[in-house]
Amino acid sequence: MKKMFFALMTMAAMLPLGAQMQAVFAYSTFYDAASDKPYVETYLQFDAWTMQFKQLSPGVYGATVEVTIVARQGDSVCYVKKYDLQSPTVPRLDDMDFSFIDVQRFRLGNGIYDLELTLRDKGSDAAPAVVNERVAILYDRRHAALSSVQLMSEATPTTTENILSRNGYDMEPYVSDFFPEQIDHINYYYEVYNIDRELGSKPFMVVAFVEERQTARRYDTQQSVARRNSATTVPVYGTLDIAELPSGSYNLVVEVRNRDGETMLVGRVPFYRSNPGVKGRAMNDYALTFAGRITDESLMNIYLDALYTVASEEEKAMANELIRYSTLGEKQAFLYNFWTRRDALNPEGEWLKYKERIDYVQEHFSYPRTPGIHTDRGRVYLQYGPPDFVRDEKNYVSANRLGSHNEQPFNTMNQGDNPVNRSDGYTGTSQGHVYYLPYQLWRYNNLPGDDANRCFIFWDEFRSGFYKLLHSNARGEVREAMWERRLSGQQLEENMQGEVGDQFERGY
């Protein structure tokens with residue numbers, strides 16, 4: 001998935017961790033003007049119900065995530081921290097309907113860094129998830145500057161100093177950039193540095209408002225204006241009412257203006273709003289775009305549904321609400337903005353490439369009552385594109401494999417109702433031929449963020465034509481230790497590799 005980067009803002013990325021665990025990662029940069037030392041804050045929000053909780057003691061269950069944070073400049077490691085993060089504990093495994101946040105803070109000097117985050121659920125065999133972000137830290141004590149603009153869940157007075165404490169308040173970050181209809185305010189925090197070097201003791205204005213992301217049209221009903229006195233560091237905490245903000249893609253914009261109304265500093269944070277109960281503006285602006293040309297609402301719903309393999313969790317939730325409650329115009333706007341966020345210069349080109357995938361999986365992988373986009377093969381094809389190699393076997397029979405299980409004279413062995421005979425009189429012992437259920441082997445020469453030659457095994461367990469993903473060596477995909485034994489109908493011994501296992505290792 002292509003990420004868009006904005007200056008002076010909190011960054012957020014959804015991490016699918018293996019087949020189960022999910023987390024949202026974000027970071028902000030700040031500056032200690034008194035000591036002229038910048039620092040980074042990282043935020044991780046975990047969905048507890050997607051994690052592997054283990055019993056720690058009678059009536060106590062918890063999960064553990066191994067977290068590794070590395071900041072690099074070229075080949076030099078500038079910061080590294082590895083730690084085990086413990087989840088809150090619960091008395092029962094059905095009490096996991098909650099999320100929890102981890103916050104880390106560390107100093108880095110001015111410069112451009114590659115920040116690498118690795119997460120591993122220690123209760124799961126799933127491969128670790130790795131995300132890389134480019135972080136720019138550019139603060140100069142000679143000039144006025146803004147910190148990142150941080151979205152907040154709430155701010156409460158500090159009673160005991162902790163990692164969330166800043167300027168006398170405990171500030172709980174809002175890690176997501178999705179605001180559902182249940183949330184009617186957007187809270188934010190940022191800091192203004194060295195404004196006194198440019199204004200002296202003169203006051204200045206801080207302004208916040210919401211603008212539509214695609215058109216930059218400003219929503220005057222969602223704005224805040226306040227006066228501040230100049231100082232080396234000026235903290236700004238504010239809130240905007242978004243109860244009447246329609247569904248759509250927006251920017252939260254903050255500005256610092258001098259007394260003459262001239263804009264000195266600007267920060268933007270993109271966010272998505274889902275508010276089906278509020279009617280949005282006329283959608284004629286999208287009528288001439290590729291999204292506006294899709295006028296069949298049932299087809300539009302299929303297209304929105306098919307975005308699930310490449311969408312963030314917030315976008316999935318918004319698309320789901322749009323499918324159920326919104327107008328065709330709102331759906332067209334969402335589809336247009338979805339692809340504009342991925343390629344602002346050529347959103348239609350990105351959409352048409354993905355639409356080719358949708359059309360293909362609908363035609364080739366659909367099954368009675370199951371559209372192709374909801375099948376395992378459809379999901380993999382949509383997510384990774386067409387494989388570089390496909391092996392399709394309907395009645396594959398392997399060559400002989402020696403073993404000790406069910407040994408009997410080879411010329412009298414049976415596989416089902418089919419006797420196997422040797423004309424050369426061989427009477428040694430063997431497992432005989434192995435008969436496999438129908439399967440497909442897909443190989444991808446290169447997958448983004450993964451090693452070369454990643455393979456997928458899909459199997460038709462009931463010979464019905466419906467293929468499910470059985471095993472893959474791709475990062476974050478399903479892994480089944482005894483997959484070949486299942487594929488062979490338990491003919492192979494445990495931990496024994498047959499010819500299809502050889503095919504999987506070769507990739508053909």
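Values in this document were obtained by computation on a predicted structure and should not be read as measured data.
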Task: Lys NZ or Arg CZ of Arg166 over Phe30 ring: under 6.0 Å, within 45° - done: yes
Task: Candidate pair Leu146 and Val192, rule side chain to side chain contact (heavy atoms under 4.5 Å, CB included), full reasoning - done: CA-CA 5 Å; Leu146 284 184; Val192 184; 3.8 Å; yes
- [ ] Measure from NZ or CZ of Lys81 to the centre of the six-membered ring of Tyr83, then state whether that distance is under 6.0 Å and the direction lies within 45° of the axis.
- [x] yes
Task: Ile112 side chain reached by Arg134 side chain, heavy atoms, under 4.5 Å - done: yes
Open item on the list: If the threshold is 4.0 Å, N to carboxylate O, is there a salt bridge linking Arg479 and Asp125?
Closed with: no
Open item on the list: Just so I know, are the side chains of Asn301 and Lys331 near enough to count as touching, which here means a heavy-atom distance under 4.5 Å?
Closed with: yes
- [ ] Look up atom CZ in Arg142 and atom CZ in Arg197, then write down how far apart they are to the nearest 0.5 Å.
- [x] 9.5 Å
- [ ] Would you confirm whether the ring centroid of Phe100 sits within less than 6.0 angstrom of the ring centroid of Phe46?
- [x] yes
Open item on the list: To the closest 0.5 Å, what do you measure between OG1 (Thr42) and CZ (Arg105)?
Closed with: 10.5 Å
Task: Spacing of CG belonging to Asp376 relative to CD belonging to Glu477, to within rounding of 0.5 Å - done: 9.0 Å
Open item on the list: Nearest 0.5 angstrom please: Phe334 CZ to Glu315 CD, how far?
Closed with: 5.5 Å
Open item on the list: If we check ring-ring contact (aromatic ring centres under 6.0 Å, His included) with Phe106, which of these qualifies: Tyr27, Tyr39, Tyr79?
Closed with: Tyr79
Open item on the list: Show the nearest heavy-atom pair for residues Leu382 and Ile358, with the distance to one decimal.
Closed with: CD2-N, 3.7 Å
Task: Row check, Tyr381 ring normal vs Arg379 NZ/CZ: under 6.0 Å, within 45° - done: no
Open item on the list: Does the Lys NZ or Arg CZ of Arg273 fall within the cation-pi geometry relative to Phe271 - under 6.0 Å from the ring centre and within 45° of the axis?
Closed with: no
Open item on the list: Can you tell me how far apart CG (Asp121) and OG1 (Thr50) are? Round to the nearest 0.5 Å.
Closed with: 8.0 Å
